[in-house]
Novice: 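The following block contains the structure, expressed as structure tokens.
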Protein chains: 2
Amino acid sequence: MRRKNLSGAACPIARSLDVIGDWWSLLIVRDALKGTTRFGDFQKSLGVSKNILTRRLRTLVEQGVLEQLPATDGSAYQEYRLTEKGRGLFKVLVALGQWGLESLADTAPVRMALVDRTHRQPVRALEVRAADGRLLEPGQTMMVRAS
Amino acid sequence: MRRKNLSGAACPIARSLDVIGDWWSLLIVRDALKGTTRFGDFQKSLGVSKNILTRRLRTLVEQGVLEQLPATDGSAYQEYRLTEKGRGLFKVLVALGQWGLESLADTAPVRMALVDRTHRQPVRALEVRAADGRLLEPGQTMMVRAS
DNA sequence: CCGTATCCATTCCGATACTG
DNA sequence: CAGTATCGGAATGGATACGG
């Protein structure tokens with residue numbers, strides 16, 4: 001049987017994972033946020049084979065995360081740009097990056113961190129806050145039916 | 001050939017995805033944050049088959065996201081509890097949940113949202129801020145070598 | 001340079017049956 | 001209830017060759 005289709009799941013986390021829970025998708029979005037738009041640039045950056053990249057790009061376009069536009073440089077090719085929906089994944093990637101930086105043993109020779117472009121200072125750690133501004137720990141939250 | 005092992009990648013996002021980029025892992029962590037600790041409860045909640053659940057739990061334990069403890073209820077079985085490292089994924093899940101709620105068409109009959117437990121008010125949208133407090137858009141950030 | 005098509009290996013998942 | 005063992009099918013990824 002196929003992997004469960006959870007696009008209709010009540011939990012928004014499950015729905016999100018149904019769209020970008022695949023391994024490559026978020027890395028493509030990461031590069032797109034960095035400004036990458038061209039097929040070959042994605043390929044070089046990710047080191048993924050071309051057919052896989054084609055497939056991933058197509059599904060991301062179908063899901064409305066990316067949009068395909070004629071290249072602005074006059075070439076006959078396409079550009080892949082994030083939609084507003086796709087740019088919404090920025091926070092997800094920041095969260096993933098901060099977790100990786102703080103919680104994962106660094107076997108990497110080089111570590112990268114996200115900084116503010118103008119001052120080159122690290123971005124603040126994300127915070128989960130209540131409507132009244134209190135910092136929330138996991139145990140202080142719960143999922144309920146919305147609307 | 002195997003999927004690339006990116007545990008040594010420079011980018012912390014890639015390293016994170018190498019650990020929890022799989023589809024089930026974050027759903028297990030989601031339930032664990034909700035307080036689920038028992039094998040059978042995970043299984044009922046996720047609707048995943050038992051052998052898969054066994055495998056996922058084991059790798060999450062190996063990676064230090066969960067820890068296995070003797071059950072406190074006197075039964076002969078195990079409990080699975082989040083480590084500090086695992087609890088760090090809370091923000092990732094909040095980000096995913098907020099994205100799903102705001103950006104994904106809701107075909108679900110029931111929508112769930114994360115609320116503050118005491119006031120039952122929705123949690124604030126996450127914000128990416130610079131060290132000086134400015135709100136940052138994706139284009140105002142960049143990845144650089146950390147230390 | 002930008003993709004697509006084909007083929008193959010691997011991984012992953014689900015169903016089922018089984019043990020303690 | 002809490003797992004393990006085995007099997008088959010599906011999805012995924014990589015290599016390569018090919019066409020626009």
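All of these numbers come straight from a predicted model, not from anything done at the bench. Here is how names work: the chains are called A, B, and so on, in the same order as the sequence lines, proteins then strands, and each is numbered from 1.
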Novice: Check each residue of residues 56-72 of chain B for a non-hydrogen atom within less than 4.0 Å of any atom in DNA chain C, then write out the ones that pass by number, or none.
Specialist: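 Those residues are B/Arg56.
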Novice: Given C/dA15, D/dG3, C/dT4, which nucleotide is nearest the side-chain atoms of B/Lys50?
Specialist: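 So the side chain of B/Lys50 is nearest to D/dG3.
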Novice: Check whether any side-chain N or O of A/Trp24 sits under 4.0 Å from OP1 or OP2 of D/dG13, and answer yes or no.
Specialist: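 The answer is yes; a side-chain N or O of A/Trp24 sits under 4.0 Å from OP1 or OP2.
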Novice: So, does A/Trp99 use its side chain to make a donor-acceptor pair with the main chain of B/Gly86 at under 3.5 Å?
Specialist: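 Between the backbone of B/Gly86 and the side chain of A/Trp99 there is no qualifying donor-acceptor contact (under 3.5 Å).
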Novice: Take the protein atom CD1 of A/Ile52 and the nucleotide atom C1' of D/dG13, then report the distance between them rounded to whole Å.
Specialist: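 In whole Å, D/dG13 C1' and A/Ile52 CD1 are 4 Å from each other.
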Novice: Quick one: does any side-chain atom of B/Arg117 pair with a main-chain N or O of A/Gln140 as donor and acceptor, under 3.5 Å?
Specialist: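 Between the backbone of A/Gln140 and the side chain of B/Arg117 there is no qualifying donor-acceptor contact (under 3.5 Å).
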Novice: Without swapping roles, check the side chain of B/Arg15 against the backbone of B/Ala10 for a donor-acceptor pair under 3.5 Å.
Specialist: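 Side chain of B/Arg15 to backbone of B/Ala10, a donor-acceptor pair under 3.5 Å: yes, one is there.
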Novice: Which whole-number value in Å describes the distance from B/Trp23 CH2 to C/dT11 C1'?
Specialist: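 Atom CH2 in B/Trp23 sits about 17 Å away from atom C1' in C/dT11.
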Novice: Look at A/Tyr80 and C/dG3 and indicate whether a side-chain polar atom (N or O) is within less than 4.0 Å of OP1 or OP2.
Specialist: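 Checking C/dG3 against A/Tyr80, a side-chain N or O does come within under 4.0 Å of OP1 or OP2.
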Novice: Need one value for B/Arg55: base, sugar-phosphate or nothing, where a base atom within 4.0 Å counts as base even if backbone is also close, heavy atoms only.
Specialist: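 The residue B/Arg55 makes base contact.
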Novice: Output the rounded distance in Å from CG (A/Leu53) to P (C/dC1).
Specialist: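 Rounded to whole Å, this separation is 15 Å.
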Novice: Determine yes or no for a side-chain-to-main-chain donor-acceptor pair under 3.5 angstrom, with B/Arg81 supplying the side chain and B/Leu69 the backbone.
Specialist: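 Absent.
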Novice: Within the distance-only criterion (no hydrogens, no angle test), does the side chain of B/Thr36 pair as donor or acceptor with the backbone N or O of B/Phe42 below 3.5 angstrom?
Specialist: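 Side chain of B/Thr36 to backbone of B/Phe42: no pair is present.
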Novice: Roughly, in whole Å, what's the span from NZ in B/Lys44 to C1' in D/dG3?
Specialist: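 Between C1' of D/dG3 and NZ of B/Lys44: 14 Å.
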Novice: Hey, does the side chain of B/Arg38 come within less than 4.0 Å of D/dC1's phosphate (OP1/OP2), counting only N and O?
Specialist: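 So the side chain of B/Arg38 is outside the cut-off, no N or O lying under 4.0 Å from OP1 or OP2 of D/dC1.
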Novice: Can you find a side chain N or O atom of B/Thr54 that sits less than 4.0 Å from OP1 or OP2 on D/dT4?
Specialist: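 Yes, B/Thr54 has a side-chain N/O under 4.0 Å of OP1/OP2 on D/dT4.
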Novice: For A/Gly100, is there any backbone N or O sitting under 3.5 Å from a side-chain donor or acceptor partner on A/Ser103?
Specialist: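 A pair under 3.5 Å: no.
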Novice: Within the structure shown, what part of the strands sits under 4.0 Å from A/Phe42 by heavy-atom distance: base, sugar-phosphate, or nothing?
Specialist: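 Nothing, no nucleic acid heavy atom in range.
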Novice: Look at the side chain of B/Tyr77 and decide which nucleotide, out of D/dA15, C/dG3, C/dG20, has an atom nearest to it.
Specialist: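 For B/Tyr77, the side-chain atoms sit closest to C/dG20.
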Novice: Identify whether any heavy atom of B/Gln43 sits under 4.0 Å from a base atom; if not, whether one sits that close to sugar-phosphate; answer base, sugar-phosphate or nothing.
Specialist: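 It contacts nothing in the nucleic acid.
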Novice: Kindly indicate whether the side chain of B/Met142, heavy atoms from C-beta on, has any atom under 4.5 Å from the side chain of A/Arg120.
Specialist: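 Of all side-chain heavy-atom pairs linking A/Arg120 with B/Met142, at least one is under 4.5 Å.
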Novice: Atom CG of B/Asp41 and atom P of D/dG3: how far apart are they, to the nearest Å?
Specialist: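 The answer, rounded to whole Å, is 12 Å.
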Novice: To the nearest 0.5 Å, tell me how far B/Leu53 CG sits from B/Ile28 CD1.
Specialist: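 Taking CG in B/Leu53 and CD1 in B/Ile28, the distance rounds to 5.5 Å.
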Novice: Can you measure A/Asp22 atom CG to C/dC12 atom C1' for me and round it to whole angstrom units?
Specialist: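 Between C1' of C/dC12 and CG of A/Asp22: 13 Å.
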Novice: Could you check how far CD1 of B/Ile28 sits from P of C/dC12, rounded to whole Å?
Specialist: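 Answer to the nearest Å: 13 Å.
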Novice: Whole angstroms only, please: what is the CD-P distance between A/Gln78 and C/dG3?
Specialist: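 Distance check: A/Gln78 CD to C/dG3 P gives 6 Å.
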Novice: Can you check whether any acceptor in the base of D/dT6 is under 3.5 Å from a donor in the side chain of B/Asn51, or vice versa?
Specialist: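 Counting by modelled atom types and ignoring angles, a donor-acceptor contact under 3.5 Å is found here.
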